[in-house]
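Structure first, commentary second.
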There are 2 protein chains.
Amino acid sequence: MGNCTQCIVKRLNALRNLSHEELELFSEHKTSLLIKKGENLMTEGSAINGLYCINQGKCKLTKLNTNGKEQIIKFIKGGDILGHRSILSDEPVGLNVTALEDMRVCFIPKGDILEVLKENSLFSLSIMKNISHQLNEANNLISEMAQKPVKDRLATIIMNLNDIFGKDSEGFIDIVLTREEIANTIGTATESAIRLLSNLKKDKIIDLKGKKIKILDLNALKNISEGY
Amino acid sequence: MGNCTQCIVKRLNALRNLSHEELELFSEHKTSLLIKKGENLMTEGSAINGLYCINQGKCKLTKLNTNGKEQIIKFIKGGDILGHRSILSDEPVGLNVTALEDMRVCFIPKGDILEVLKENSLFSLSIMKNISHQLNEANNLISEMAQKPVKDRLATIIMNLNDIFGKDSEGFIDIVLTREEIANTIGTATESAIRLLSNLKKDKIIDLKGKKIKILDLNALKNISEGY
DNA sequence: AAAATTTAATGATATTTGTCATACAAGTGT
DNA sequence: ACACTTGTATGACAAATATCATTAAATTTT
């Protein structure tokens with residue numbers, strides 16, 4: 001099991017503000033775990049007693065609606081942290097976190113986190129910054145979902161996925177999602193998502209190869225996402 | 001101009017965790033302001049250099065979409081604080097804050113806030129708790145907006161308004177909103193909102209008297225909001 | 001109080017999106 | 001290589017919602 005002081009992933013998130021001693025503390029108490037594709041790291045409504053630091057792998061954050069539909073709220077990849085929101089608000093976990101590929105994750109107990117939060121104001125500010133940024137993003141998404149037609153929303157999330165996951169060697173966005181997952185992200189029926197993807201391909205705005213998506217005309221995509 | 005140490009409003013928010021000395025500091029540097037109905041306290045995209053503590057009055061937090069439509073993200077009333085998200089993430093203001101009635105507001109400079117945040121971990125934790133809670137609420141709203149039909153969303157926000165603003169002496173929800181504002185909250189056309197409100201009235205689930213709404217059958221409303 | 005403006009209500013119609021049915025393709029395990 | 005499951009695609013149709021037009025009511029201004 002690796003040592004937190006050596007871990008390069010921590011440079012990507014709020015943990016970068018910790019002292020050597022604090023990292024040693026985390027390292028002693030942390031546990032590493034492997035999550036297989038499709039498995040849940042966190043489950044909506046459950047209690048949580050620590051912070052997850054994602055070492056490797058991609059996952060989706062979802063919510064099950066009262067009408068039984070899954071809504072994908074956000075995608076997360078290695079370098080991000082999870083669970084701090086729930087720890088801080090003292091509320092149950094609000095989202096399901098499901099692995100989209102095999103993941104390697106570290107778990108740090110709540111007590112250690114809270115202790116360091118009290119002592120290290122740089123860490124504390126960094127966590128606040130993270131959540132504040134997320135809140136702003138969430139507010140933008142509310143507006144997006146409430147006001148824009150499905151086609152616009154699809155264009156938006158294709159660009160989002162591109163920003164988050166980047167491109168593979170062939171220029172396709174480096175994430176594999178089913179059509180159903182895409183539909184659950186933009187809040188529409190699977191068939192509608194399929195049709196709109198096909199349209200974008202026909203118009204040479206994107207290319208499709210199995211589940212992979214390549215952006216061909218970013219400008220056109222941007223225009224669609226803004227309602228033109 | 002009042003003194004922060006005496007202010008009863010501060011008991012309702014994170015400021016309750018401040019020491020007498022810290023409140024004195026705030027009190028010395030704070031400015032009080034009056035915002036008239038319809039005026040903006042904050043504007044989307046602008047910089048902000050302090051925290052607002054709402055003494056009295058109700059306001060709406062909105063966002064102007066790329067397609068020119070206004071989306072109401074949230075309603076806020078006296079006792080709440082505003083602007084901390086933007087200060088903490090070091091990002092421009094994300095939302096317009098518009099007074100729905102005359103407001104009395106205190107402004108505390110950013111420097112003072114950041115200083116106390118570093119020193120007072122109780123205050124700091126309380127702010128984190130506030131934002132974390134807001135993030136959870138925002139995630140719920142994303143799901144609500146993306147997945148549910150307009151009728152369900154209308155039922156949901158009527159209950160929300162009831163929770164936030166309570167009832168007046170006649171049992172009507174204590175907030176005055178135009179039909180357009182209601183439509184902009186649930187992300188639909190004004191005409192659709194009007195029609196659905198009329199239907200709810202016809203079904204004796206709510207009562208309408210001008211712009212005021214009274215809940216007659218909370219259970220029915222809850223069922224609708226959950227898609228039954 | 002009358003006029004002007006804004007807001008609310010309602011019908012007719014167009015557009016968007018969802019649902020159901022079916023076919024086909026791709027992946028999975030035996 | 002085979003059946004079996006799951007995912008993708010497409011057409012036909014139904015339902016939800018938006019848009020446009022018009023009238024009525026409420027509010028503000030003069």
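Proteins come first, then strands; the chains are lettered A, B, ... in the order of their sequence lines, and each starts at number 1.
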Nearest-Å distance, NZ (Lys209(B)) to C1' (dA25(D))? 17 Å
Between Gln71(A) and Asn65(A), does any side-chain donor sit less than 3.5 Å from a side-chain acceptor? no
Between Asn96(B) and Thr43(B), a side-chain donor and acceptor under 3.5 Å: no
So, Asn140(B) and Lys63(A): side-chain donor and acceptor under 3.5 Å apart, yes or no? yes
Between atom CD1 in Ile224(B) and atom C1' in dA16(D), what is the gap in whole Å? 16 Å
Check whether the side chains of Lys148(B) and Thr66(A) place a donor and an acceptor atom closer than 3.5 Å, and report yes or no. yes
Taking NZ, NE, NH1 and NH2 as the nitrogens, is one of them in Glu181(B) or Lys211(B) under 4.0 Å from a carboxylate oxygen of the other? no
Short N-O contact, Asp90(B) and Lys110(B), less than 4.0 angstrom: yes
Using only atom types and a distance under 3.5 Å, with no angle test, would you say the side chain of Gln147(B) pairs donor to acceptor with the backbone of Lys69(A)? no
When you look at NZ of Lys60(A), are more than 12 heavy atoms from neighbouring residues, nucleotides or ligands closer to it than 6.0 Å? yes
Note: Lys212(A)-Glu170(A) ion pair, threshold 4.0 Å (strictly below): no
Atom CG in Asn136(A), atom OG in Ser89(B): separation rounded to 0.5 Å? 6.0 Å
Axis-to-axis angle between the two ends of the helix from dA1(C)-dT30(D) to dT30(C)-dA1(D) (five base pairs per end, rounded to 10 degrees): 50°
Within residues 145-154 of chain A, the residues having a heavy atom closer than 4.0 Å to DNA chain C are Pro149(A), Val150(A)
Range on DNA chain C touched by chain A - first to last nucleotide, heavy-atom distance under 4.0 Å: dT17(C) to dC20(C)
Under a 4.0 Å heavy-atom cut-off, which of residues 190-206 of chain A touch DNA chain D? Glu191(A), Ile194(A), Arg195(A), Ser198(A)
Over how many whole Å does the gap from Ile182(A) atom CD1 to dG7(D) atom P extend? 13 Å
Checking side-chain polar atoms at under 3.5 Å, does Asp152(A) have a donor or acceptor matched by the opposite partner on Ser225(A)? no
Spacing of Lys211(A) atom NZ relative to dT6(D) atom C1', expressed in whole Å: 9 Å
Quick test of your reading: applying salt bridge (charged side-chain N to carboxylate O under 4.0 Å, His left out), list the pairs with at least one residue in residues 46-58 of chain B, sequence neighbours left out, ordered by first then second residue. Lys58(B)-Glu101(B), Lys58(B)-Asp174(B)
Any ring-ring contact (aromatic ring centres under 6.0 Å, His included) involving residues 36-83 of chain B? Give me the pairs, sequence neighbours left out, ordered by first then second residue. Tyr52(B)-Phe107(B)
